[in-house]
A.B. asks: 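My questions all concern the structure below.
Keep in mind that the numbers below use all heavy atoms, side chains included, and drop hydrogens, waters and symmetry copies. Lettering of chains follows the sequences in order, A, B, ..., and the numbering in each one begins at 1.
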Amino acid sequence: MLCDLNVPWPCSTYNTQPTQQQLEVLKNTIVTLYSLGYTHQAINFSINENVRIPVGTPDLINPINIAYLKSELVPRFPKLKLFTRLTIIVSDPSKLQGLAKIQNHFDVLAVQPVNEKALQLCTTNLDIDLVSFNLGSKLPFFLKHKTIGSAIDKGIKFEVCYSTVVSGSIGYANVGDSTNVQLIKKNFFNNVLQLIRASRSKGIVVSSGAVQPLQARNGEDILTLLKTLGLDNSRAKSCITLNAERALISGRLRIKSYKQTVIAGNDSDEVLVEKKDPSKPDTLAYKKRLGDSSSGRLLKKQKRSKD
Amino acid sequence: MVRLKQRYILFDILYPPSVESSESAEFSVSESSALLTLHQTSPASINHRTLVHAIRKSIQEHYGDFGAGSAGLSVSIKYFSNKTSTGIIRCGRSTFHTVIGALSLIDSIEGNQLIIRCIHVSGTIKKCEEYSIRRSRDLMRLISKDTTRKKEEYVNSLDLQADEFETVEPDLDMD
């Protein structure tokens with residue numbers, strides 16, 4: 001199973017609705033990714049931190065019409081699983097007080113910090129699954145192993161979005177001449193290199209960010225590309241499988257569980273992991289791995305020393 | 001004597017639906033229609049020569065003179081079929097990562113928008129052929145869920161591919 005955690009929703013404000021053509025392109029992108037093997041895909045809604053979120057009316061908080069997409073696509077593509085994701089572009093985390101009210105409406109919660117302070121505060125204080133950076137422009141700060149490493153220990157993953165580098169002529173249409181395009185690609189490689197160094201190849205999620213079908217790529221090929229940059233060979237595969245899956249699970253545990261560890265009931269409606277043994281309850285599918293948190297690792301160690 | 005080591009990359013070309021075209025609505029109708037659109041036959045403008053040119057250009061663009069010299073010059077296309085849009089590239093063993101990386105960064109050849117996907121990497125061309133035939137069979141099984149005229153054309157071309165493979169001579173580069 002492969003996961004793609006970033007398929008952008010065509011609108012970036014609450015006031016606009018996507019046109020029929022935009023929806024068609026989105027559906028085509030999803031189907032193209034599905035044909036490339038991505039069965040779990042998250043539709044990404046990206047906003048600035050200043051945007052007022054309609055907290056008063058819970059129905060409007062999530063603008064992604066996931067029910068429509070599911071009804072259109074899932075009957076035809078039975079293995080496809082769709083999720084919703086919110087990305088908030090953050091420069092001052094203290095403004096993000098209402099996060100608790102929003103987070104139950106999205107399956108995955110991500111932030112895109114624009115400065116070092118925001119990155120630090122987001123990873124320590126906020127309950128998020130994913131951190132993404134704008135890889136097309138030069139990061140205004142240095143990624144420290146200490147910050148990134150402690151975030152990864154908490155279970156937060158870092159995202160590499162490859163649409164910046166495979167956009168093609170259409171994707172770069174509003175960028176300008178070829179020197180700008182080259183600059184974007186150079187920045188991408190530099191930022192990915194920084195991220196790989198700071199994270200020691202751990203906790204990286206590779207996702208597409210494809211706004212049109214042309215930008216979809218085979219995951220293995222992108223991993224090979226990143227391997228030429230120095231991504232660890234043995235940890236590469238988990239960038240599109242295990243790490244992405246863990247980000248999804250931790251996001252869904254937030255909604256459906258008690259304190260992100262235990263889940264009760266037999267909710268077969270939206271199962272993330274295929275049930276292997278039908279006699280066992282569904283809770284297994286949502287079980288958090290011990291190695292995902294620092295206390296869990298201590299427990300694991302203690303257990304091992306007892307044996 | 002030591003044999004000169006190579007890697008053979010099996011790739012296929014996918015044609016994603018373009019944003020403006022009228023066909024794009026049909027694309028997501030069913031799994032087989034999506035697969036049939038992606039696995040179209042390639043136009044005649046895509047051939048051995050233009051493919052090698054596009055690959056070398058992509059390597060030059062993304063890996064510079066160093067990449068073009070070490071990886072680009074050793075690239076050659078051993079097999080390419082327009083009917084199935086499948087092909088085999090031969091390249092140096094130490095640089096095949098670079099070649100795959102450059103392949104994934106190509107987005108158009110001769111004005112055709114496409115995705116190049118690397119399916120399999122092997123040390124011998126024979127294993128690449130076997131894998132390709134096996135994969136085509138799986139694909140046929142997937143597509144044959146519903147019968148259309150397009151499907152029959154595609155199945156015919158796949159049979160042709162199997163025949164063509166038998167005529168590709170095994171590669172015996174010995175030093």
A.B. asks: A:T228 versus chain B, heavy atoms under 4.5 Å apart: side chain, backbone, both or neither?
C.D. replies: side chain
A.B. asks: Kindly compute the distance separating CD1 (A:I148) from CD1 (A:I196), expressed to the nearest 0.5 Å.
C.D. replies: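 CD1 of A:I196 is found 12.5 Å from CD1 of A:I148.
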A.B. asks: Ion pair present between A:E220 and B:R117, side-chain N to carboxylate O less than 4.0 angstrom?
C.D. replies: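 No, this pair does not count.
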A.B. asks: Based on non-hydrogen pairs under 4.5 Å, which of B:S108, B:S104, B:A102 is most in contact with chain A?
C.D. replies: B:S104
A.B. asks: Quick one: do B:D138 and B:R135 make a salt bridge, cutoff under 4.0 Å?
C.D. replies: no
A.B. asks: Tell me, side chain or backbone of B:I106 under 4.5 Å from chain A's heavy atoms, or both, or neither?
C.D. replies: backbone
A.B. asks: In terms of relative ring orientation, are B:H62 and A:F189 parallel, tilted or perpendicular, with 30° and 60° separating the classes?
C.D. replies: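 If you compare the ring of B:H62 with that of A:F189, the planes turn out perpendicular.
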A.B. asks: Looking only at side chains, do A:T87 and A:N44 share a donor and an acceptor under 3.5 Å apart?
C.D. replies: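 Checked: A:T87/A:N44 side chains pair up, N/O donor to acceptor below 3.5 Å.
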A.B. asks: Which atoms of B:Y15 are under 4.5 Å from chain A, going by heavy atoms: the side chain, the backbone, both sets, or neither?
C.D. replies: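 Looking at B:Y15, nothing touches chain A.
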A.B. asks: Which one, B:I100, B:L14, B:T98, B:L38, leads in non-hydrogen pairs under 4.5 Å with chain A?
C.D. replies: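 Going by pairs under 4.5 Å, I would pick B:I100.
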A.B. asks: Check each atom of A:L36 against the heavy atoms of chain B and say whether the ones under 4.5 Å are side chain, backbone, both or neither.
C.D. replies: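 For A:L36, heavy atoms of backbone and side chain both lie under 4.5 Å from chain B.
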A.B. asks: Which atoms of B:L103 come close to chain A, meaning under 4.5 Å heavy atom to heavy atom: side chain ones, backbone ones, both, or neither?
C.D. replies: neither
A.B. asks: For A:Y162, is it the side chain, the backbone, both, or neither that has a heavy atom closer than 4.5 Å to a heavy atom of chain B?
C.D. replies: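 Contact with chain B: none, neither part.
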A.B. asks: Which class fits the ring pair B:H48 and B:F80: parallel under 30°, tilted 30 to 60°, perpendicular over 60°?
C.D. replies: perpendicular
A.B. asks: Tell me, out of A:T29, A:V25, A:L229, A:T32, who's got the most heavy-atom pairs with chain B below 4.5 Å.
C.D. replies: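 The option with the most such pairs is A:T32.
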A.B. asks: Does a salt bridge link B:K127 with B:E130, judged by any charged N lying under 4.0 Å from a carboxylate O?
C.D. replies: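 Yes, B:K127 and B:E130 are salt-bridged.
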